[in-house]
Every structure is written in structure tokens, then in C-alpha cells.
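These figures come from a predicted structure and were not determined experimentally.
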Amino acid sequence: MIRIAIIHNEYGRFSGEEAVVDGLAELLGRKGHEVMRFTRSSAEIPGTPLGQARAFLGGVYNPASRRAFRRFLAERKPDVINIHNLYPLISPAVLPECRRAGIPVVMTVHNYRLICPSGLFLSRGEICERCAGGREYWCLLRNCEGAVSKSLGYALRNAVARRFGMYSKNVQVFACLTDFQRRKLIDAGVPEERTVVIPNSIDISRDGAKHVISE
């Protein structure tokens with residue numbers, strides 16, 4: 001049995017990413033592993049200017065989240081950590097705590113956010129990779145999020161995480177969903193030997209999935 005901690009900042013409403021996280025936790029539990037979770041939800045963010053400002057700053061660096069995560073690791077003592085999403089309330093500030101505790105980290109890469117602040121490689125309706133290579137300022141210049149403050153926050157949190165090596169120094173394995181995504185990470189500087197491809201799974205016990213497979 002392996003003690004596995006799943007770390008995920010939920011999006012505030014159920015999405016495909018939440019479905020993947022739930023499915024993975026269920027599968028690992030069925031295989032006999034102990035699964036524990038450290039989660040926050042974007043639904044916690046107050047719809048006020050102050051609440052938005054705190055989310056902005058927290059996405060860059062959240063010391064309170066880091067302290068809470070340190071306590072979580074000390075109390076639960078996982079053998080391995082599986083990171084999914086850290087923004088905006090958990091923040092990459094928790095990653096050094098994993099290294100400090102000597103616990104290996106596997107990051108499931110659900111999108112392109114390690115390279116592109118918006119995570120989509122899209123800007124103004126066109127394919128865009130301008131931010132790759134440490135040029136996150138393009139997210140602000142093109143206002144990719146449709147609001148200057150939000151675009152600034154996205155650009156800043158990516159730039160800070162890259163500058164301080166939050167992911168490069170603290171994540172041992174980047175689990176990509178596709179080989180195309182994996183190649184993008186390698187092109188961006190992630191060592192090839194630290195990348196693997198683990199596609200999203202489906203539950204073949206469901207009638208719909210059986211029908212798709214039979215087709």
C-alpha cells in the first residue's frame with residue numbers, strides 16, 4: 001500500500017478536471033492504496049474587489065496555504081504527492097514543502113499552464129505561444145483573460161513560479177495527457193526523462209463507455 005496525497009484547487013464548479021481527480025482517487029483506493037486530499041475551491045473567493053485582490057496575490061504566493069500544507073504533510077505523512085491544480089488559492093508556495101519533507105511529487109499536467117498563463121495556447125481566437133520561453137508579459141499585452149487585472153495576475157504568477165523554479169526544482173515527474181503535450185513541455189525546457197504520458201481514463205463498466213469501445 002502506498003499513501004498518496006492528491007493536491008487540487010477545484011474550479012468552483014464541477015469540470016472535467018474534477019472528474020479526472022475523483023476518478024483517479026477512486027481507482028487508487030480500489031487498488032488498495034490510501035488516498036488523502038488537500039483541496040481548496042475557487043468558490044471560496046468572495047465576489048468583492050478585496051476578495052479578488054487576495055486571490056490575485058494568493059496565486060503568486062500564499063504563505064498561509066504553505067503553512068497549512070506543512071501541517072498536512074506532518075500529520076498525514078504521504079509517501080508520494082500528486083499535484084493537479086494549484087491556482088489560485090493553494091499556489092506553488094506549497095511545492096518547496098514537498099522537497100523539504102523529502103516526498104516525491106508527480107504533477108498531472110491537465111493543460112498548458114506551465115508554459116502559457118491562460119493554459120490554452122489561445123489568444124483572441126487564434127493559436128498563440130508567445131508566452132513560451134519566459135515571455136509571460138504577452139498575456140498582459142494581449143489581455144488574454146479579457147480583464148487587465150486578471151491577465152496581469154496570470155502573467156505574474158507564471159513568471160514568479162518560473163523565476164524561482166517552483167516546478168523545475170520540486171516536481172520529479174510531469175505526467176502529461178498526450179505525447180503532443182509532453183513534447184511542448186520538453187521544448188519549453190522540461191527534461192525529457194522527467195516526463196511521461198498517462199492519458200485520462202474512462203470507466204468501461206459504464207454502458208456508454210462499452211458502447212463507444214464496441215464501435
Next item on the list: Determine, step by step, whether Glu34 and Asp79 satisfy the side-chain contact (heavy atoms from CB on, under 4.5 Å) criterion, reporting the C-alpha distance in whole Å, the side-chain angles of both residues, the deciding distance to 0.1 Å, and the verdict.
Entry: CA-CA 10 Å; Glu34 181 180 347; Asp79 298 310; over 6 Å; no
4.5 Å side-chain heavy-atom contact, [X] and [Y]:
X: Cys131; Y: Asn158; result: no
X: Asn82; Y: Leu28; result: no
X: Val109; Y: Tyr167; result: no
X: Arg130; Y: Arg135; result: no

Are [Y] and [X] co-members of a hydrophobic cluster defined by side-chain heavy atoms under 4.5 Å apart?
X: Leu114; Y: Tyr11; result: no
X: Met166; Y: Tyr87; result: yes
X: Ile115; Y: Tyr137; result: no
X: Val171; Y: Val190; result: yes
X: Leu120; Y: Ile127; result: yes

Checklist line | Donor-acceptor pair between Glu44 and Ser41 side chains, under 3.5 angstrom | finding: no
Note to self: Go through it in stages, so that I can follow the logic: the residues are Leu73 and Arg100, the test is side-chain contact (heavy atoms from CB on, under 4.5 Å), and I'd like the CA-CA distance, side-chain angles, deciding distance and then a yes or no.
What the structure shows: CA-CA 10 Å; Leu73 294 182; Arg100 180 173 175 269; over 6 Å; no
Measuring from [X]:[atom1] to [Y]:[atom2], what's the distance to the nearest 0.5 Å?
X: Ile81; Y: Arg99; atom1: CD1; atom2: CZ; value: 12.5 Å
X: Glu97; Y: Arg70; atom1: CD; atom2: CZ; value: 4.0 Å
X: Ser168; Y: Arg162; atom1: OG; atom2: CZ; value: 10.0 Å
X: Thr195; Y: Lys184; atom1: OG1; atom2: NZ; value: 14.5 Å
X: Glu75; Y: Met36; atom1: CD; atom2: CE; value: 11.5 Å
X: Ile90; Y: Ile83; atom1: CD1; atom2: CD1; value: 7.5 Å

Next item on the list: Answer yes or no on whether Arg157 is positioned over the face of Tyr154, meaning its NZ or CZ is under 6.0 Å from the six-membered ring centre and within 45° of the axis.
Entry: yes
Next item on the list: Could you go through the side-chain contact (heavy atoms from CB on, under 4.5 Å) check for Arg13 and Glu18 one step at a time?
Entry: CA-CA 9 Å; Arg13 60 178 181 274; Glu18 269 74 50; over 6 Å; no
Heavy-atom closest contact ([X] atom, [Y] atom, distance):
X: Asn111; Y: Gln181; value: O-NE2, 3.0 Å
X: Asn9; Y: Pro88; value: OD1-N, 3.4 Å
X: Val105; Y: Cys98; value: CG2-CB, 3.5 Å
X: Ser151; Y: Cys139; value: CB-O, 3.5 Å
X: Arg66; Y: Pro96; value: NH2-CB, 3.4 Å
X: Leu89; Y: Asn62; value: O-ND2, 2.8 Å

Checklist line | All pairs passing ring pair (Phe, Tyr, Trp, His ring centres under 6.0 Å) where residues 19-61 contributes a residue, at least two apart | finding: Phe38-Phe69, Phe38-Phe72
Note to self: For the CZ atom on Arg54, are there more than 12 heavy atoms of other groups (residues, nucleotides or ligands in this structure) within a distance under 6.0 Å?
What the structure shows: no
Notebook entry, point to check: Hey, is the main chain of Glu10 close enough, under 3.5 Å, to the side chain of Ser42 for a donor-acceptor pair?
Noted result: yes
Check: Would Gln52 and Ile45 satisfy side-chain contact (heavy atoms from CB on, under 4.5 Å), going step by step from the backbone distance to the final call?
Finding: CA-CA 7 Å; Gln52 297 298 315; Ile45 302 172; 3.8 Å; yes
Notebook entry, point to check: Can you list the residues that meet the salt bridge (charged side-chain N to carboxylate O under 4.0 Å, His left out) rule with Asp179, with sequence neighbours excluded?
Noted result: Arg182
Check: Where does the angle between the aromatic ring planes of Phe180 and Tyr112 fall among parallel (under 30°), tilted (30 to 60°) and perpendicular (over 60°)?
Finding: perpendicular
